[in-house]
Amino acid sequence: QVQLVESGGDLVQPGGSLRLSCAASGFVVDYYAIGWFRQAPGNLREGIVCISASGDGSTYYEDSVKGRFLITRDIDKNTVYLQMNSLKAEDTGVYYCATKVRAWGTCALDEYAYYYWGQGTQVTVSS
């Protein structure tokens, strides 16, 4: 049974950092594309960063997070991380990780490319 569990969300001041975790079970994160999505209050969910399956390994970042966010994968812990630095108020939202039905292949920032989703973790950037 595929399961994704996000954690690490918190209240942080502007300019601060957080690391979100996406712990996976029922599949091997190394073999699947993983995406991180954000839903700000009153907004649609948007893709912000993704990592392709190993062998490709390409990553894609939404323009607003380039240079500030970093996605990594820990095979031993079967977990994908999202390191977020220089946080801004507009980064506030619920953060979700997701994966596809099929193994391998490249990732995408399109939520419709993903099938399995975690429950989300809240990130609030405020002074």
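A continuous path of hydrophobic side-chain contacts links Ile48 to Tyr116 [ILVMFWY only; heavy atoms under 4.5 Å]. Under the 4.5 Å side-chain heavy-atom criterion for ILVMFWY residues, no single connected hydrophobic cluster contains both Ile34 and Leu109. Residues Ile75 and Tyr31 are members of separate hydrophobic clusters, defined by side-chain heavy-atom contacts under 4.5 angstrom among Ile, Leu, Val, Met, Phe, Trp and Tyr. Taken together through direct or relayed side-chain contacts under 4.5 Å among Ile, Leu, Val, Met, Phe, Trp and Tyr, Val2 and Trp36 form part of one hydrophobic cluster. Val80 and Val101 fall within a single hydrophobic cluster, where Ile, Leu, Val, Met, Phe, Trp and Tyr are joined by side-chain heavy atoms under 4.5 Å apart, directly or via other members.
Under 3.5 Å, the side chains of Gln122 and Thr124 contain a donor-acceptor pair of N or O atoms.
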>> Determine whether Ser17 and Asn85 satisfy the following criterion, side chain to side chain donor-acceptor pair (under 3.5 Å), listing intermediate values before the conclusion.
In response: CA-CA 4 Å; Ser17 297; Asn85 301 322; 3.0 Å; yes

> Can you check side chain to side chain contact (heavy atoms under 4.5 Å, CB included) on Arg73 and Asp30, steps first, answer last?
Replying inline: CA-CA 7 Å; Arg73 182 166 45 204; Asp30 196 36; 3.8 Å; yes

> Run the side chain to side chain contact (heavy atoms under 4.5 Å, CB included) check on Gln3 and Val5 step by step: do they pass?
Replying inline: CA-CA 7 Å; Gln3 190 174 14; Val5 180; 4.0 Å; yes

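Counting heavy atoms from C-beta on, the side chains of Asp91 and Phe69 come closer than 4.5 Å. Counting heavy atoms from C-beta on, the side chains of Tyr60 and Val49 never come closer than 4.5 Å. The closest side-chain heavy-atom distance from Leu70 to Tyr61 is below 4.5 Å. At least one side-chain heavy atom of Ser126 sits less than 4.5 Å from a side-chain heavy atom of Leu11. Taking 4.5 Å as the limit, every side-chain heavy atom of Arg38 sits out of range of all side-chain heavy atoms of Val94.
Put simply, the side chain of Asn78 gets close to the backbone of Phe27: a donor and an acceptor are under 3.5 Å apart. Listed for the Arg68 side chain is a donor-acceptor partner under 3.5 Å among the backbone atoms of Ser86. The backbone N or O of Ser7 sits nowhere less than 3.5 Å from a side-chain atom of Thr121 that would complete a donor-acceptor pair. Side-chain atoms of Lys88 never come within 3.5 Å of backbone atoms of Ser64 as a donor-acceptor pair (strictly under, hydrogens ignored). Between the side chain of Asp74 and the backbone N or O of Thr79, no donor-acceptor pair lies under 3.5 Å. Side chain of Thr99 to backbone of Ala33: a donor-acceptor contact under 3.5 angstrom is found. A side-chain donor-acceptor contact under 3.5 Å links Glu6 to the backbone of Gln119. Judged by distance alone, the side chain of Ser52 and the main-chain N or O of Cys107 form a donor-acceptor pair under 3.5 Å. A side-chain donor-acceptor contact under 3.5 Å links Tyr114 to the backbone of Ala108.
Side-chain rings of Phe37 and Trp117 approach one another, their centers coming within less than 6.0 Å.
When all heavy atoms of Val12 and Gly16 are compared, the pair lying nearest together is CG2-CA, 3.9 Å. For the pair Met84 and Val123, the tightest heavy-atom approach, listed with the atom from each and the gap, is CE-CG2, 3.9 Å. Scanning both residues, Val29 and Ala24, for their nearest heavy atoms gives CG1-CB, 3.4 Å. Pro41 and Thr92 make their closest contact through CD-O, 4.1 Å (heavy atoms, listed as atom of the first residue, atom of the second, distance).
Residue pairs meeting the salt bridge (charged side-chain N to carboxylate O under 4.0 Å, His left out) criterion with at least one partner in residues 110-127, sequence neighbours excluded, are Arg45-Glu111. Residue pairs meeting the ring pair (Phe, Tyr, Trp, His ring centres under 6.0 Å) criterion with at least one partner in residues 72-103, sequence neighbours excluded, do not occur; the list is empty.
Ile71 CD1 to Ile51 CD1: the interatomic distance, rounded to the nearest 0.5 Å, is 5.5 Å. The CD atom of Gln83 sits 10.0 Å away from the OG atom of Ser21 when rounded to the nearest 0.5 Å. Going from atom CD of Gln39 over to atom CD of Glu46 covers 9.5 Å, rounded to the nearest 0.5 Å. Atoms CG and OG1, from Leu82 and Thr72 in turn, are 8.5 Å apart once rounded to the nearest 0.5 Å.
Lys66 has a carboxylate O that lies under 4.0 Å from a charged side-chain N of Asp63, or vice versa, which qualifies the two as a salt bridge.
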